[in-house]
Every structure is written in C-alpha cells, then in structure tokens.
J.: 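Starting off with a structure, shown below.
In what follows, chains are A, B, ... by sequence order, proteins preceding strands, each numbered from 1.
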Protein chains: 2
Amino acid sequence: MQISSRFTLAVHILTCIAVIKDTKVTSNFLASSTNTNPVIVRKILGQLKNVGLVEVVRGTGGAFLAKPPEEISFLDIYKAVECVERGELFHFHENPNEKCPIGRNIHNVLDDKLEQVQRAMERELASISMADVQGEITKCINIQGK
Amino acid sequence: MQISSRFTLAVHILTCIAVIKDTKVTSNFLASSTNTNPVIVRKILGQLKNVGLVEVVRGTGGAFLAKPPEEISFLDIYKAVECVERGELFHFHENPNEKCPIGRNIHNVLDDKLEQVQRAMERELASISMADVQGEITKCINIQGK
DNA sequence: TTTGTTGTAACTATTATTATTACAATTAAA
DNA sequence: TTTAATTGTAATAATAATAGTTACAACAAA
C-alpha cells in the first residue's frame with residue numbers, strides 16, 4: 001500500500017508554519033489549506049510536537065517551528081507521523097515454514113536486502129529539508145506576484 | 001502503511017521455484033512453505049506470470065522461471081505484485097486548497113522530491129536479483145547439510 | 001466572562017489486506 | 001474413458017488502517 005498521506009500533510013502543514021507570517025496558523029486554517037479536517041491537523045501537529053519539530057500554542061492558538069527549517073529533514077517528518085509499523089518499510093509474511101529449507105532460510109537471506117532498500121529510501125528522505133521546500137515555494141509565490 | 005507482504009511472498013515463491021528441483025512446486029507446496037494459502041499463492045503466481053517472470057503449468061501443476069534468475073530483479077517483482085497504486089509510493093492528500101498560496105504551490109514543490117525518494121528506492125530494488133537470493137540461500141542450505 | 005483555540009475521545013465510512021471455501025477447466029496417468 | 005491432482009477465479013469474510021466527523025473539556029487571551 002502507499003505511504004499514508006499523513007506524510008505529505010505534515011510537510012504541507014510545516015510549510016504553512018514556516019512561510020505564512022501575516023496570519024495566525026491555526027488548525028482551522030491548516031485544515032482549509034490542506035483540504036482536510038482540523039482534528040486530523042491537530043493529530044499530526046501533536047505527532048510533530050512529540051518529536052520536537054514544532055511548538056503549538058494552547059488556548060490562544062497557532063504553531064511555529066521548534067528548529068530552523070534546515071534542521072528539519074523529510075526523514076524526521078516521516079518518522080514522526082509513523083507511516084510504517086515498527087519503522088519497517090516492508091511487511092514480511094508471518095512465520096514461513098521452518099520445515100522447508102527455503103522457509104527456514106528466507107529471513108536470513110532477505111532481511112538484509114530489505115533493510116538495504118529501506119536505508120536507500122531513508123537516506124534520500126534525510127537529504128531533503130524544510131529549508132528546500134520553504135525556499136522553492138517562496139520563489140513560486142513571489143513569481144505569482146505576492 | 002507498510003509495503004504489502006505480497007512482495008516478500010513473491011520473492012519466497014520465486015526462490016522455491018528457482019532452488020527446489022526434486023519436488024514439483026505446486027501452489028499447495030508453496031502455501032505450506034510460505035505459511036499462507038494456495039489461493040493467495042496462485043494469485044501472486046498469476047501476477048508474476050502476467051509480467052513474464054514465471055510460467056505456470058495448468059492441469060498437471062508446477063511452475064518454473066521464465067527467465068534466468070539474474071534477469072529477475074526485485075523491482076520487476078515489486079512492480080508485478082502492485083504494492084502501490086498507479087506506481088506511486090506516496091499518497092498525496094487530495095485537492096489542496098488552490099486559494100491558499102501554499103495549497104496552490106505544494107504540488108509544484110513536493111512532487112519532484114517525492115519522485116526522487118521513490119526513484120532512490122526503486123534503484124536499490126533494481127540492483128538486487130533472484131540470482132543473489134538463489135546463491136545465498138543455496139549456501140545456507142548446503143551449510144546446514146543438504 | 002467571553003471567545004477562540006487545542007487536545008482528545010468516540011464513532012463512522014471506506015478501503016486494502018489476508019484468509020478461506022467452492023468449483024469449473026485443464027492435464028496426465030490409471 | 002475415468003480418475004486424481006491441479007490451476008484459475010469468483011465470492012465471501014475478518015481484520016486493520018485510513019481518513020473524516022462530532023463533541024467537549026481544558027486552556028489562554030482579550
């Protein structure tokens with residue numbers, strides 16, 4: 001299955017927080033921008049807060065980045081919103097048959113290779129930061145004339 | 001969500017077909033080795049057959065590789081079992097708000113980066129073949145004494 | 001005190017995964 | 001020709017995750 005839209009949602013949310021300065025960025029505002037629901041936004045904000053990426057203001061509302069955008073990588077965000085169980089990208093079929101020579105050894109042979117693929121993906125996620133997104137989207141917005 | 005166990009199942013199935021020579025590899029045999037169900041095995045075999053990775057013998061039963069194992073990459077297998085919709089690893093949240101400057105531009109900025117991550121993962125999948133698995137598992141089996 | 005907000009629980013609808021039963025079509029062997 | 005084993009596929013179900021929604025207590029500023 002695809003990686004949950006929680007990830008792109010989280011990036012969208014962080015982008016709003018990083019870029020928008022003239023409005024208070026509330027969960028209602030974010031729900032409107034992302035075309036989702038304030039509760040979903042608040043859940044994701046909670047996850048981002050739990051790993052120290054944002055701070056959220058209770059009562060009065062709004063949120064801001066807890067770190068400079070160049071220190072927030074896509075990997076941080078991906079891990080925060082828990083798109084995969086136990087951090088494992090691949091779901092291995094359960095309990096292959098130990099009585100079969102293949103079933104007995106398939107984990108020995110496959111586990112490393114799956115990890116290798118996952119690491120390649122995570123390395124790429126780690127190489128992209130919110131600073132990249134902030135820079136590019138600011139350029140887009142400026143071209144469109146404020 | 002994690003990538004469906006159809007992928008590891010398919011690799012397990014192909015490994016059995018590649019390695020086991022003294023028994024007819026039927027869907028019942030494969031269901032026992034993988035600890036799943038003959039129908040699930042047959043569905044996956046059907047998908048592998050559709051993209052020309054295996055040939056399946058109707059009536060009498062059994063299956064064999066349609067290509068040498070070094071020409072069957074993990075990427076071929078991954079694509080065959082359709083673990084993600086439309087071939088896209090990431091599920092983008094639907095219809096971000098065009099009236100918001102971030103909602104209007106988030107696709108422009110994110111799409112390329114998501115594709116970059118996906119390509120890194122697929123490049124790694126493409127670098128691993130069934131020949132690697134066959135070689136390593138044969139070694140494991142030999143060490144264990146036939 | 002009022003207002004707007006966050007955090008969270010509870011619930012729903014939809015969808016994908018995985019498993020299962022059932023059976024027609026196929027093939028080889030008895 | 002019949003029997004037995006097998007594939008291909010439809011239909012169904014259980015489980016779990018996703019994504020959405022309503023409701024409301026706790027909170028903080030005006």
J.: Near DNA chain D, counting only heavy atoms under 4.0 Å, which residues of residues 1-21 of chain B show up?
T.: B:Met1
J.: Of all residues at least two apart in sequence or in a different chain, which pass the ring-ring contact (aromatic ring centres under 6.0 Å, His included) check with B:Phe74?
T.: B:Phe7
J.: Not counting sequence neighbours, which residues clear side chain to side chain contact (heavy atoms under 4.5 Å, CB included) with B:Arg58? List them please.
T.: none
J.: Below 4.0 Å from chain A heavy atoms, what is the first contacting nucleotide of DNA chain C and what is the last?
T.: C:dG4 to C:dT18
J.: Can you list the residues that meet the side chain to side chain contact (heavy atoms under 4.5 Å, CB included) rule with A:Glu82, with sequence neighbours excluded?
T.: A:Gln47
J.: Give me the residues of residues 26-34 of chain B where at least one heavy atom lies under 4.0 Å from an atom of DNA chain C, by number, or none.
T.: none
J.: Hey, can you pull the donor-acceptor pairs under 3.5 Å for the side chains in residues 59-73 of chain B, sequence neighbours left out?
T.:
from: B:Ser73; atom 1: OG; to: B:Leu75; atom 2: N; distance (Å): 3.2
from: B:Ser73; atom 1: OG; to: B:Asp76; atom 2: N; distance (Å): 3.0
from: B:Ser73; atom 1: OG; to: B:Asp76; atom 2: OD2; distance (Å): 3.2

J.: Find every protein N or O atom lying less than 3.5 Å from an N or O atom of nucleotides 11-15 of chain D, and list the pairs.
T.:
none

J.: Using ring-ring contact (aromatic ring centres under 6.0 Å, His included) as the criterion, list what pairs up with A:His93, not counting sequence neighbours.
T.: B:His12
J.: Counting only non-hydrogen atoms, which of residues 50-60 of chain B are less than 4.0 Å from DNA chain C?
T.: B:Arg58, B:Gly59, B:Thr60
J.: Hydrophobic cluster mates of B:Met1, side-chain heavy atoms under 4.5 angstrom, ILVMFWY only, any path?
T.: A:Met1
J.: Does anything in residues 102-122 of chain A form a ring pair (Phe, Tyr, Trp, His ring centres under 6.0 Å)? List the pairs, not counting sequence neighbours.
T.: A:Phe92-A:His107
